[in-house]
Amino acid sequence: FFFLMPRRPPRSTQSRSSAASDVYKRQVHGGDKKNEAHSNIVRYANVKYAMVEQLRNPPKGFETIIRRHFYLKKAEILEEVRKWLKSAEKDASYTGLVHDHNPTWATELKQSKTKYRDMLAETIKELETELNKLPVPSTKDVVTKTPIKSAKRGKKKEETDANAGVANLEEVDVTYEKEVKVKEMDMTDEMIKDRWSRYIGAMGLDAVAKQANSSVFLSGLGPLGMEIAKNIVLGGVKRFTIHDNRTTTYNDLSGQFFLGEEDVGKNRAEASLSKLQQLNYYVKVDTAALDKQLPTSEEEIAALIDPKVYNMIILTECTSEVQVAINKFARKHKMPFILADCYGVFSRVFSDFGDEFVVVDKNGEEVQEVMIRNITNEEQGVVTLLEGAKHKFEDGDEVIFSDVFYKGSPIFM
């Protein structure tokens, strides 16, 4: 919780304990309501998507095992979801961070006090219907393939194949599509915000929107480069260009997870392109200058990495000459530059975001929130925390006070 220090101390210190109690009840009660709201969304989605949808449309190759699982766990599942239905009357607040994380469901469920219960009850009925449709698993589905020896004669009884009726995973199509229609990532679209809700909750909508409009250039598709590429594509940018003039060797297969034996001899970036694109069709993934090494002259660098197009440069597996040249180019054009390399158990990261980049977060930790009991009415006021509460504030830290009450009424919020 955040608290803001008043410009003037309270005029009276009477009823401090009751005021603090009001603050405590107000904050804890509000937190309980939001926790309940988040749990309601999770419970409803579990029944609707992780249960009903899986029973109706199980993934290819897993039909038998999914239906067998739900048949064997039917009683336990129904007992649990009925408990959820009984607790659906609890107060819940679908505002603040709960709404930011799940705007679609939060908007739907806050329409009335009974909306969540009604929707959950309807979905549980659908679940019961689907569970009652499940056939009794055959002996082949429930008996393992362990051979059993006769205790007297030591003879093996007939083995039962537990994989009967299950698709051979070797026959399941796991190929990557060659043609993927890239979509624009519009952060004003509610469906887009819902898809990236957890990321937005952690980073903030403005930061995610800025990232979604960025274009990044990466050179080096070895194990480290691919890990970086995977994270950037999943995170979501407007355009992501990969460069690598090396061909795949058997050494690459030990760490570059998008390369296989069939790719040996092929260009690493070209062989990884379609698989990277599959991770996120809101990102345009392309390649550049696969037949050339990175240049060192400013003119050639500008032709390859146009500062009007790209917002960031990331290099791996480059020579020192190339690193220095491109770092100077990036600094001149005020482009963030990151260099990373990994050599066995040793690694290094160098970042240059320019002279105008300012770090305001000194340790990367979340802003600390603590509950206070009272503030004394003195020129050098003393702030007392609730019993058992601790803080990690240091001299020079900025502390904000909010929701300060006096005799049950807010002094300021």
In this structure, CD1 of Ile242 is separated from CD1 of Ile232 (nearest 0.5 Å) by 11.0 Å

Ile305 side, atom CD1; Phe329 side, atom CZ - distance, nearest 0.5 Å = 6.5 Å

What distance do Glu270 atom CD and Thr287 atom OG1 have between them, rounded to the nearest 0.5 Å?
-> 6.5 Å

Around atom CD of Glu262, are there more than 12 heavy atoms of other residues, nucleotides or ligands at under 6.0 Å?
-> yes

Please list every donor-acceptor pair under 3.5 Å in which a side-chain atom of residues 102-113 meets a protein atom from a residue at least two apart or in another chain.
{"from": "Thr107", "atom 1": "OG1", "to": "His99", "atom 2": "NE2", "distance (Å)": "3.4"}
{"from": "Thr107", "atom 1": "OG1", "to": "Pro103", "atom 2": "O", "distance (Å)": "2.7"}
{"from": "Ser112", "atom 1": "OG", "to": "Lys115", "atom 2": "N", "distance (Å)": "3.2"}

The side-chain contact (heavy atoms from CB on, under 4.5 Å) partners of Gln293 (sequence neighbours excluded) come to Asn245

Not counting sequence neighbours, which residues clear side-chain hydrogen bond (donor to acceptor under 3.5 Å, both in side chains) with Thr95? List them please.
-> Ser93

Is a side-chain donor or acceptor of His243 paired with a backbone partner of Phe217 at a separation under 3.5 angstrom?
-> no

Mind running side-chain contact (heavy atoms from CB on, under 4.5 Å) on Gln211 and Tyr199 for me, showing each step along the way?
-> CA-CA 11 Å; Gln211 177 180 306; Tyr199 195 37; 2.9 Å; yes

List the atom pairs, donor and acceptor, that lie under 3.5 Å between side-chain atoms in residues 70-78 and the rest of the protein, sequence neighbours left out.
{"from": "Lys74", "atom 1": "NZ", "to": "Asn132", "atom 2": "OD1", "distance (Å)": "2.7"}

Where the side chain of Asp252 meets the backbone of Thr249, is there a donor-acceptor pair that is under 3.5 Å apart?
-> yes

Is there a side-chain contact (heavy atoms from CB on, under 4.5 Å) between Asn327 and Leu339 once you walk through the steps?
-> CA-CA 9 Å; Asn327 181 212; Leu339 165 68; over 6 Å; no

For residues Asp263 and Leu253, determine if any side-chain heavy atom of one lies less than 4.5 Å from a side-chain heavy atom of the other.
-> no

With sequence neighbours excluded, residues passing side-chain hydrogen bond (donor to acceptor under 3.5 Å, both in side chains) with Arg117 | Glu89

If we only count heavy atoms from C-beta on, is the Lys86 to Arg82 side-chain gap below 4.5 Å?
-> no

Do we see a donor-acceptor contact under 3.5 Å between the side chains of Gln256 and Thr248?
-> no

Between CG of Leu259 and OH of Tyr250, what distance do you get to the nearest 0.5 Å?
-> 12.5 Å

When rounded to the nearest 0.5 angstrom, what distance separates CG in Leu218 from CG in Leu276?
-> 9.0 Å

Nearest atoms (heavy-atom pairs only) where Gly96 meets Lys34 | CA-NZ, 4.4 Å

Mind checking side-chain contact (heavy atoms from CB on, under 4.5 Å) for Pro135 and listing every partner two or more places apart, or none if nothing turns up?
-> none

Lys266 side chain vs Ala271 backbone, donor-acceptor pair below 3.5 Å = no

Is there any ring pair (Phe, Tyr, Trp, His ring centres under 6.0 Å) pair reaching into residues 77-96, and which pairs are they, with sequence neighbours excluded?
-> none

What residues, two or more places apart in sequence or in another chain, satisfy side-chain hydrogen bond (donor to acceptor under 3.5 Å, both in side chains) together with Arg246?
-> none

Report yes if the side chains of Arg56 and Val52 come closer than 4.5 Å at any heavy-atom pair, otherwise no.
-> yes

Residue pairs fulfilling salt bridge (Lys or Arg N to Asp or Glu O under 4.0 Å) with at least one residue in residues 331-349, sequence neighbours excluded | Glu298-Lys332, Arg331-Asp352, Arg331-Asp355, Lys334-Glu356, Asp341-Arg348

Which heavy-atom pair separates Ala92 from Asn40 by the least distance, and what is that distance?
-> CB-ND2, 3.7 Å

Are the side chain of Gln277 and the backbone N or O of Val283 linked by a donor-acceptor pair below 3.5 Å?
-> yes

Could you check if a side-chain atom of Ile65 sits within less than 4.5 angstrom of a side-chain atom of Pro58, using non-hydrogen atoms only?
-> no

What side-chain donor-acceptor pairs closer than 3.5 Å can you find for residues 307-319, not counting sequence neighbours?
{"from": "Tyr310", "atom 1": "OH", "to": "Arg239", "atom 2": "NH2", "distance (Å)": "3.4"}
{"from": "Tyr310", "atom 1": "OH", "to": "Thr241", "atom 2": "OG1", "distance (Å)": "2.8"}
{"from": "Asn311", "atom 1": "OD1", "to": "Ser215", "atom 2": "N", "distance (Å)": "2.7"}
{"from": "Thr316", "atom 1": "OG1", "to": "Ser219", "atom 2": "O", "distance (Å)": "2.9"}
{"from": "Thr316", "atom 1": "OG1", "to": "Gly220", "atom 2": "O", "distance (Å)": "3.2"}
{"from": "Glu317", "atom 1": "OE1", "to": "Arg268", "atom 2": "NH2", "distance (Å)": "2.7"}
{"from": "Thr319", "atom 1": "OG1", "to": "Val322", "atom 2": "N", "distance (Å)": "3.3"}

Check the side chains of Arg43 and Asn46 for a donor-acceptor pair under 3.5 angstrom, ignoring hydrogens and angles.
-> no

For the atom pair CD1 (Ile200) and CG (Leu205), what is the distance rounded to the nearest 0.5 Å?
-> 5.5 Å

Any pair with a residue in residues 218-229 that passes salt bridge (Lys or Arg N to Asp or Glu O under 4.0 Å), sequence neighbours left out, goes on the list, sorted by first then second residue, please.
-> Glu227-Lys230

Under the side-chain hydrogen bond (donor to acceptor under 3.5 Å, both in side chains) rule, collect the residues that match up with Glu53, sequence neighbours excluded.
-> Asn57

